Amino acid sequence: MAGQSVVSMVDFELVARDGNARAGILKTEHGEVETPLFMGVATKGAVKTMTPEDVKATGTSALISNAFHLYLRPGLELIKKHGGLHGFMDWDAVLFTDSGGFQVIRQGFFIKVTDEGMKYHAENGEVKVYTPEESARTQMVLGSDIAMVLDECPPHDASVKRVKRAVDRTIRWAKEFKEVHDRKEQGVFAIVQGTRFEGLREECASELVKMDFDGYGIGGLSIGEGRDEMLKAIERTAPLLPEERPRYFMGLGSPADLLDTIGMGIDVFDSALPTRNARHGTVLTMKGQYNIKRAEFRDDMRPLEEGCDCYACRNFTRAYIRHLFKEKEMLALRLLSIHNLRFNQRLMERAREAIIEGRFKEFRKETLGSMSGK
Ligand SMILES: [Zn+2]
């Protein structure tokens, strides 16, 4: 530790390395989780269509919620009455909160980013500014295990001048966040910005690392730039971050993206992709994906994926789940969400095992080959 003001209880232990891929254990107030870690997304306090018991049964041991959303609705007072966000959601395992920068832009509350913070429309129409300090206080009240600093995420095609301004703000806001944050039980992750500009990413990473955070997010990628550009940026950013801290790539969830970036040294992920796919009828399997609505599954007596140990696969046929989907029964969405989330967890479990056994490269190649039918 580099002598910063608050030393949090959060700790990260590297268990194994295989090339750049890492297996570790993230230790928090609400338990320890193994990395590579895939988190379920509970933006507004729930994983869509699933109960906390459903979520846990898929092997999901961590969720991420959006602090800014919850700050606006239902508001901190109500959540405080439940003893914090864990109590409100009845989630007793690991919980991350995102500061909200990215979500705000997509949800239409947002007006603009200023040097002070994010200007937004409150429910009563008033114009307010959400500052880094307010973001820190919000997340301390929510009591998540990991808080993310407020950052500015410019569009992927923004000019170098605009990205430079976002990087400067991200660094300054990280400092301001840290100054008011004093909840020892809660770890704080900073977020590296800089889009495609390598020099700016380097500058952002190096300034944030000097401040000694519990972990580092890589942000501002996977938002519309090409896949090659994204992978190149991750490959170059990961080595700038300290070996002994977890690295979190925000908003990435396809099997290929997960395996490729685990291979570059990323430890933590979150994405709504598996559950969003589920609601469209898309079933993820180790042999690639398919849509349950297709006519060929009408009489199919097999589970969604042979060999899968999830609740849906242990108890129901494709024919039944297709029938539910066709009849717009809500259970269809729930069962598919259970399967798809379990699929991502099985992928993480296998990746971790492969890293520990020193065969990650082969595992990645075989898995991606089998998924694309090769
Ligand atoms: Zn399954």
Side-chain angles (χ1 to χ4, degrees), residues 33-42 46-64 91 93-94 252-259 262 268-355 363-364 366-374:
V33 282
E34 296 183 336
T35 67
L37 170 70
F38 182 81
M39 297 196 279
V41 173
V47 179
K48 286 193 195 309
T49 77
M50 298 173 79
T51 67
E53 280 180 349
D54 288 345
V55 172
K56 271 207 177 157
T58 66
T60 300
S61 45
L63 294 180
I64 180 158
W91 180 254
V94 174
L252 205 63
S254 83
D257 289 345
L258 293 172
L259 295 186
I262 286 171
V268 181
F269 304 89
D270 79 276
S271 172
L273 197 71
T275 46
R276 192 186 306 132
N277 272 332
R279 297 195 301 280
H280 292 114
T282 302
V283 184
L284 307 175
T285 82
M286 295 290 171
K287 289 180 181 160
Q289 59 183 50
Y290 65 87
N291 199 297
I292 192 68
K293 289 181 276 186
R294 292 205 321 249
E296 66 190 274
F297 302 120
R298 212 195 88 94
D299 300 306
D300 199 323
M301 297 300 287
R302 290 174 295 173
L304 290 172
E305 179 178 10
E306 277 165 326
C308 175
D309 57 1
C310 85
Y311 172 75
C313 289
R314 278 187 284 113
N315 294 287
F316 306 98
T317 62
R318 293 181 192 185
Y320 174 68
I321 296 173
R322 177 178 180 276
H323 160 73
L324 294 183
F325 221 98
K326 287 283 172 193
E327 296 301 328
K328 299 195 165 44
E329 284 291 345
M330 281 183 280
L331 184 59
L333 309 186
R334 183 175 173 190
L335 293 176
L336 286 184
S337 297
I338 288 172
H339 171 78
N340 281 356
L341 200 51
R342 177 67 194 134
F343 168 82
N344 265 34
Q345 299 305 352
R346 281 160 56 220
L347 192 65
M348 293 292 107
E349 288 163 13
R350 290 181 187 189
R352 181 181 162 87
E353 216 175 83
I355 293 167
F363 164 77
R364 177 186 155 277
E366 277 164 26
T367 308
L368 294 181
S370 125
M371 281 178 191
S372 59
K374 278 171 211 154

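Positions are given from 1, in the same order as the sequence printed here. Keep in mind it's a predicted model, so treat the numbers as computed, not measured. As the structure lists them, so they are numbered: ligands from 1, and atoms in each ligand from 1.
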Item to check | Protein N, O or S atoms lying under 2.8 Å from the Zn ion (ligand 1), listed by chain and number | outcome: Cys308 SG, Cys310 SG, Cys313 SG, His339 ND1

Checklist outcome for this item: Rounded to the nearest 0.5 Å, the SG atom of Cys310 sits from the CZ atom of Arg346 at a distance of 8.0 Å

Item to check | N-O pairing of Glu366 and Arg350 below 4.0 Å | outcome: no

Next on the checklist: How about CZ on Arg294, more than 12 heavy atoms from neighbouring residues, nucleotides or ligands closer than 6.0 Å, or not?
Outcome noted: yes

Next on the checklist: Is it true that, when you exclude Lys56 itself, more than 12 heavy atoms of the residues, nucleotides or ligands shown sit nearer than 6.0 Å to its NZ?
Outcome noted: yes

Next on the checklist: Assess the residue pair Trp91 and Leu63 against the criterion (side chain to side chain contact (heavy atoms under 4.5 Å, CB included)); give the C-alpha distance rounded to whole Å, side-chain angles, the decisive distance to 0.1 Å, and a yes or no.
Outcome noted: CA-CA 9 Å; Trp91 180 254; Leu63 294 180; 3.6 Å; yes

Checklist entry - So does Glu53 have more than 12 non-hydrogen atoms from other groups sitting under 6.0 Å from CD? => result no

